[in-house]
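Whatever order the structure lists ligands and atoms in, that order sets their numbers, starting from 1. Note that this is a predicted model, so its numbers are computed, not measured.
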Amino acid sequence: MSTVVEQEYGADQIQILEGLEAVRKRPGMYIGSTSLRGLHHLVYEIVDNSIDEALAGTCDHIEVTIHKDDSVTVLDNGRGIPVGINHKAGLPAVEVVFTILHAGGKFGGGGYKVSGGLHGVGASVVNALSEWLEVRIFHEGKIYQQRYERGKTMYSLKVVGDCEPDRHGTMVTFYPDGEIFEDLNFDFDTLKTRFREMAFLTKGLRITFTDERPEEPKTRVFHYEGGIREFVQYLNRSSSPLYPQIIYCEGEKNGVLVEVAMQHNDGFKENTYGFVNNIVTPEGGMHVEGFRAALTKTFNEYARANRLLKDSEPNLTGEDIREGLTSIISVKIEDPQFEGQTKQKLGNSEARGAVSSVLSECLTIFLEQNPNVGKATVEKSLLAQRAREAARKARDMTRRKNALEGLSLPGKLADCTDKDPKNCEIFIVEGDSAGGSAKTARSRATQAILPLRGKILNVEKARLDRIYSNAEIKAMITAFGCGIHEDFDISKLRYDKIIIMTDADVDGAHIATLMLTFLYRFMPELIKQGHVYLAQPPLYKIERNRKVWYAYDDAEMERIMQEIGRDSSNKVQRYKGLGEMDADQLWETTMDPEKRILKRVNIDSESESEVDLTFTTLMGDKVEPRREFIEENAKYVTNLDV
Ligand code: TTJ
């Protein structure tokens with residue numbers, strides 16, 4: 001197996017190069033984009049190969065290191081990529097893996113492979129898009145090595161040294177090509193989050209992640225013996241669980257490996273995350289359908305059998321049962337088919353039956369053995385059922401009212417006169433007094449003002465019936481004009497920009513996040529399509545000889561002081577709230593489209609589940625995680641000078 005032969009470079013090799021040349025010409029076709037996201041993709045592609053080895057049960061440690069020069073090393077303790085000759089290609093198997101397009105996932109055959117899944121374009125794509133890549137294999141006391149530059153083999157696979165006789169594994173170091181990628185600045189947090197997720201999904205696997213770029217290198221170790229059970233615990237960490245247990249089921253059916261973990265919290269949102277071969281499926285699919293069907297059926301059977309639901313009462317709906325439920329559905333399948341607009345929806349119908357049958361069987365037994373879970377869940381579902389009924393009535397009422405009376409705008413709204421939404425913006429202003437100044441200051445033609453009183457309702461902590469009857473929320477919904485949830489219609493949006501204007505302090509930040517939470521949960525498209533902004537009122541006013549400067553943060557204040565010279569005649573005022581500015585100042589510093597700074601709120605779709613988590617974390621009961629969020633809030637917001 002381990003003989004190394006010199007190869008001749010003939011026609012086969014020329015074909016290989018043409019294949020990899022195609023990858024370099026159209027990188028987007030293989031890794032989605034050449035932005036930071038594509039760059040991260042390279043790392044996932046390589047790590048996925050080691051994860052496959054872990055799934056085969058022959059690797060329990062993966063080390064990922066970002067070096068100072070932005071090269072990345074992935075090291076595992078698996079069996080090692082075979083070094084023997086692959087007869088079809090006439091090359092060592094390892095060289096096939098790195099130089100022949102699409103050889104990656106299929107190689108070796110059989111078993112559940114993450115590298116053959118949604119992203120699985122293989123190691124050769126990473127090789128093609130790297131300025132250089134080196135692979136080392138530890139096998140039977142020897143270290144084998146090969147190097148490639150922009151996909152071209154630099155020398156035949158060779159033995160470069162000895163290792164301990166029982167050592168085995170694969171090590172790959174690559175340096176992404178600066179001619180291809182716009183940005184080589186790997187983001188520690190993005191990679192960290194993905195590695196944590198991978199470790200949760202592969203129980204027992206240890207992933208060590210080191211960033212050597214900072215002065216003080218950073219290392220994180222992810223290792224979860226409980227796998228997705230610990231994932232659910234982690235997701236529920238800042239909410240209050242309804243019962244202490246984590247429901248867990250595992251089984252295999254028709255070639256589909258099924259794992260489900262779940263727990264209710266006392267909140268109202270459903271958090272279901274489906275994974276296929278360790279890849280998240282934001283659009284769900286057959287595995288999630290099977291999960292929902294089994295959950296609804298099993299809980300209803302349990303409720304009837306235990307007289308928690310009377311014969312005269314209707315069944316609990318799935319939606320009611322899933323209120324406040326956090327769940328992970330992870331399936332491993334040999335040949336996953338992805339469908340839907342973004343190819344993120346599992347199409348294999350055998351997955352539906354497999355999840356449904358594994359879960360029904362196991363959940364029935366679990367509920368018999370844990371009656372506290374059954375009872376608490378059914379009681380919560382009954383409350384949800386009643387609230388849903390009340391909410392439906394409240395909504396029908398407002399719908400009917402709108403149909404009869406036409407849209408009547410809220411009394412507190414000072415609307416603009418221009419009727420073309422493209423020209424219009426609405427300021428949502430914290431407090432009646434700041435609202436008053438804003439009404440005086442605004443440009444009436446295009447700027448509308450909606451003052452809101454105090455803290456708006458936290459929609460993460462209230463049921464729908466209360467949300468729909470809340471005055472501030474109703475005012476926003478009618479003012480925007482575009483409806484919510486399934487009634488949402490962006491073409492009816494009455495303003496191009498929705499600008500949240502709050503005090504520049506911790507309370508203001510909290511109110512802004514409550515507002516964003518509402519928008520994110522009820523009209524996410526407004527955020528996704530870039531209609532939502534945060535106004536940036538100044539923190540300081542500096543006055544000298546009747547000249548005035550405004551500073552929007554401490555650094556700017558320092559700069560201004562340096563520029564004009566520190567002088568006792570400088571008058572510095574720290575703004576604590578919008579109310580301290582008069583109408584002219586508010587206009588000049590925060591509202592005038594010519595001078596103001598706006599921050600556009602965006603959601604990075606790559607980390608949408610993380611954003612989701614952020615909102616849940618933020619709005620949960622525990623104080624500590626919320627404070628952290630407010631401090632890091634700026635991450636979800638990009639600067640936009642208008
Ligand atoms: C394949 O089947 C025979 C035994 O070895 C299996 C294998 O290839 N294992 C394997 C590959 N472990 N680790 C890898 C691997 C690791 C990295 C970092 C990169 C790549 C492309 C593969």
Side-chain angles (χ1 to χ4, degrees), residues 1-2 16 20 23 30-31 40-67 71-89 91-117 119-130 132-140 142-148 151 153 157 163 166-176 191 194-195 198-199 202 204-210 277-278 334:
M1 268 302 271
S2 60
I16 289 169
L20 294 191
V23 177
Y30 298 86
I31 53 159
H40 291 150
H41 208 119
L42 297 186
V43 182
Y44 306 149
E45 283 298 336
I46 296 297
V47 173
D48 277 354
N49 291 279
S50 300
I51 297 270
D52 284 344
E53 193 66 2
L55 289 177
T58 44
C59 158
D60 65 3
H61 190 200
I62 302 174
E63 276 179 60
V64 184
T65 309
I66 312 175
H67 303 290
S71 64
V72 177
T73 295
V74 180
L75 169 67
D76 72 33
N77 65 349
R79 287 166 293 182
I81 310 175
V83 293
I85 298 295
N86 170 287
H87 289 289
K88 227 163 120 200
L91 295 171
V94 50
E95 189 168 354
V96 174
V97 167
F98 281 99
T99 59
I100 297 183
L101 206 51
H102 290 307
K106 316 278 186 290
F107 186 68
Y112 308 100
K113 283 180 178 297
V114 298
S115 62
H119 307 302
V121 292
S124 62
V125 167
V126 178
N127 191 22
L129 301 177
S130 294
W132 55 264
L133 182 149
E134 281 182 5
V135 55
R136 287 181 168 204
I137 291 142
F138 305 90
H139 180 72
E140 294 188 341
K142 302 237 173 301
I143 306 172
Y144 296 80
Q145 183 174 302
Q146 191 163 46
R147 180 182 168 96
Y148 319 88
T153 304
L157 184 70
C163 63
D166 55 351
R167 178 163 185 189
H168 47 88
T170 305
M171 176 166 131
V172 170
T173 302
F174 65 97
Y175 182 66
L191 292 173
R194 175 67 181 138
F195 295 145
M198 285 172 162
T202 318
L205 172 66
R206 186 154 48 101
I207 301 182
T208 305
F209 177 39
T210 302
N277 295 356
N278 284 8
E334 235 181 87

What do you reckon, does Asn49 have a nitrogen or oxygen under 3.5 Å from a nitrogen or oxygen of ligand 1?
no
Using a 4.0 Å cut-off to any heavy atom of Glu53, which atoms of ligand 1 qualify?
6 (C), 7 (C), 9 (N), 10 (C), 12 (N)
Option from Val126, Val125, Leu133 for which side chain to side chain contact (heavy atoms under 4.5 Å, CB included) with Leu129 holds:
Val125
Any donor-acceptor N/O pair, Thr58 side chain to Arg79 backbone, under 3.5 Å
no
Would you mind telling me if ligand 1 is within reach of the side chain of Ile81, the backbone, both or neither, using heavy atoms under 4.0 Å?
both
Considering the heavy atoms of Ser50, write down every atom of ligand 1 situated less than 4.0 Å from one of them.
16 (C), 17 (C), 18 (C)
Is there a donor-acceptor pair under 3.5 Å between the side chain of Thr99 and the backbone N or O of Glu95?
yes
Under 4.0 Å to a heavy atom of Ile46 - the qualifying atoms of ligand 1, by number
18 (C), 19 (C)
Within-4.5 Å side-chain heavy-atom neighbours: Thr208 and Phe195
no
Among Arg79, Glu63, His139, closest by any non-hydrogen atom to atom 2 (O) of ligand 1
Arg79
Relative to the heavy atoms of Ala123, which atoms of ligand 1 are at a distance of less than 4.0 Å?
21 (C)
Under 4.0 Å from a heavy atom of Phe98: which atoms of ligand 1 are those, numbered in the order shown and with their elements?
21 (C)
Counterpart residues, side-chain hydrogen bond (donor to acceptor under 3.5 Å, both in side chains), relative to Thr173 (two or more places apart):
Thr73
Numbered atoms of ligand 1 (with element) below 4.0 Å of Val172, judged on heavy atoms:
17 (C), 18 (C), 19 (C)
Contact summary for Gly78 and Cys59, nearest pair of heavy atoms:
CA-CB, 3.7 Å
By side-chain hydrogen bond (donor to acceptor under 3.5 Å, both in side chains), which residues pair with Gln145, not counting sequence neighbours?
Arg136, Tyr155
Out of curiosity, is Gly78 lining ligand 1, as in a heavy atom under 4.0 Å away?
no
